[in-house]
Amino acid sequence: MILNKYSRLYTQDDSLPASQAMLIGAGLSDADLRKPFVGICSTGFEGNTCNMHLDGLADDVKRGVAAQGLVGLRFNTIGVSDGITNGTAGMRFSLVSREIIADSIETISGAHNYDALACVVGCDKNMPGAVMAMARLNRPALMVYGGTIKGGEFKGQQLNIVSCFEAYGQKVNGQISEEDYQGIIHNACPGPGACGGMYTANTMAAAIEALGMSVPYSSSSPAVSREKAQECLDAGAHLRRLLELDLKPRDILVREAFENALVVVTVLGGSTNAVLHLIAIAHAAGVPLAMADFQRVSNRVPVLADLKPSGRYLMEDLSKLGGVPAVMRTLLDYGLLNGDLLTVTGRTLAENLADVRPLGPEQDLLRPLDNPIKADGHIQMLYGNLARRGAVAKITGKEGLRFEGPAIVFNSEEELNAGITQHKIEAGQVVVIRYVGPKGGPGMPEMLKPTSAIVGAGLGDKVALVTDGRFSGGTHGFVIGHVCPEAYDGGGIALVQDGDWVVLDAAANTIDVRLTDDELAARRAAWRRPPLPARQGVLLKYIRTVSDASHGCITDLLEEEGEEEGGAVAAAGAETAQARPY
């Protein structure tokens, strides 16, 4: 079998002497030119705990690749730290970075004809971006997750990154001293690794392991662990096997694999960002996936894991119990997963889990199926005159299933942050944050700073939040994001005014403002689209190419494809409305 069927275009064609000369000049031998080339991508960069160690892990992958008689060629692409940029204009670049990551990996791997690909990634958008590129290229590939961070501690309090955001709300309201505030900041992030709860990074790592695109334990082995280093060294053997089997991402990323991923995300109580990212990965793999599919899984799958942000435990704690493989083995035994699907080990999911011990009564992190934290899924799709094409709610059950009250409206995150500081938020209100969608933000920034400040101020269970932006995986409370159409496109959320009565019902899956169709039509006639929020550069390109949230905020949606999918999404929303209550 020819294992270097792509790179041999450059290395074996006598009519391309310049290509061979440059490869030899880069340090390759004549023997190397006859070997398969493996692109090894790292999203490592200094200045962010999620990514600071990834270049070192990529070096380990290269050593493992070389040991298998393959040529590893390192390259880097960008990352954006959500934790650092949250609450600033920099957050507008976060979701944009997913597309840049996917485009850049596809570009270098396609241009240089790598035969296989390994991506060593850490923060939220790194992982979906990498797997999107793998699916587009469709060459043997796997993802290595950089791993979770260790938990912090200060004065007996367990800390993680969200502790810092919530501490700000406590400080603003005079509930903690400046000394304790600084103590939390200095102890929340004790070293390398992605944010420790079931936030977006750990959610997507678990989802991608469930998809079969990373090896067992990749999503739950801590960043600083012997297991993570060994995983990197072992990647070469897995890549060699993938090449020999000619097993490609689209052979693994089948429809049933996405069903498995949705089940794992639901059971773990994962981030609502998984909706955007899994739809985007599915699009890259040519697999139909829509918001209605998430709802169908939520209708039949419970939340079982007691993980932060709404629970007690961190991914580090799950790792000590057997990690995500132990969860998946438990779910396989429950009949909730399809074990017959291929993975990057070259074996099926069930074969990978054959020797894994399921989680039982010896622990309380994962509840048994007959005693769930929530009997159905926490990710709920809501439809109504505020979100004709849908919105995504994160309802763990602790917030209740229904919230109604008068709206208090903010046209930017900055307005809301100022409103919190000025104590404008009162118990019983529905806080509306708009013009922060994919186009209006632009970049659909996360609302973690204001939501954490509200929690820190003691209002987390007393208000609801609705936005056309996103919520961090670290957000908890009665929160609804991804409102579509967004305000910038004249969606219903653009027409709400202070004092309007808003009704949010996660049991009936509705999101409405109590206004008649005539009242909404009159407001729509008076509405004017605001000026472009960016005038040049990557943000302007994003505004001009990004799809809406119901399509995963992708930037390569064909117009006719969008019309077809948009119709399917709208139909799914209408079907949901007709089927209420569940």
How long is the span from the [atom1] atom in [X] to the [atom2] atom in [Y], to the nearest 0.5 Å?
{"X": "Leu159", "Y": "Gln157", "atom1": "CG", "atom2": "CD", "value": "5.0 Å"}
{"X": "Ile420", "Y": "Ile425", "atom1": "CD1", "atom2": "CD1", "value": "6.0 Å"}
{"X": "Cys232", "Y": "Ile40", "atom1": "SG", "atom2": "CD1", "value": "10.0 Å"}
{"X": "Ile433", "Y": "Asp468", "atom1": "CD1", "atom2": "CG", "value": "9.0 Å"}

Side-chain donor-acceptor pair under 3.5 Å between [X] and [Y], yes or no?
{"X": "Ser219", "Y": "Glu209", "value": "yes"}
{"X": "Tyr313", "Y": "Asp364", "value": "yes"}
{"X": "Thr148", "Y": "Glu316", "value": "no"}

If only atom types and distance count, is the side chain of [X] paired as donor or acceptor with the main-chain N or O of [Y] below 3.5 Å?
{"X": "Asn509", "Y": "Met381", "value": "yes"}
{"X": "Ser218", "Y": "Ser214", "value": "no"}
{"X": "Glu153", "Y": "Asn187", "value": "no"}
{"X": "Ser225", "Y": "Ser221", "value": "no"}
{"X": "Glu362", "Y": "Gly360", "value": "yes"}

For [Y], is there an ion pair with [X] - N to carboxylate O distance below 4.0 angstrom?
{"X": "Asp59", "Y": "Lys62", "value": "no"}
{"X": "Lys374", "Y": "Asp376", "value": "yes"}
{"X": "Arg367", "Y": "Asp306", "value": "no"}

key: salt bridge (charged side-chain N to carboxylate O under 4.0 Å, His left out) contacts touching residues 184-202 (sequence neighbours left out)   = none
request  = Run through Phe478, Phe471, Phe403 and flag the one making a side chain to side chain contact (heavy atoms under 4.5 Å, CB included) with Leu465.
outcome  = Phe471
inquiry  = For Val409, run the side chain to side chain contact (heavy atoms under 4.5 Å, CB included) check against Val430, Leu416, Val496 and tell me which one passes.
reply    = Val496
Around [X], counting heavy atoms of other residues, nucleotides and ligands shown, do more than 12 lie under 6.0 Å from its [atom1]?
{"X": "Glu179", "atom1": "CD", "result": "no"}
{"X": "Lys462", "atom1": "NZ", "result": "yes"}
{"X": "Glu46", "atom1": "CD", "result": "no"}
{"X": "Arg312", "atom1": "CZ", "result": "yes"}

query = So do the side chains of Met204 and Asp124 get within less than 4.5 Å of each other, counting heavy atoms only?
reply = no
ask   = Under a 4.5 Å cut-off applied to non-hydrogen side-chain atoms, are Arg470 and Met91 in contact?
value = yes
message = Suppose we screen for side-chain contact (heavy atoms from CB on, under 4.5 Å). Which residues come up paired with Lys449, at least two apart in sequence or across chains?
response = Phe165, Tyr168, Glu413, Asn417
note = side-chain contact (heavy atoms from CB on, under 4.5 Å) filter on Ile543, not counting sequence neighbours, yields Lys439, Pro442, Leu532, Pro533, Ala534
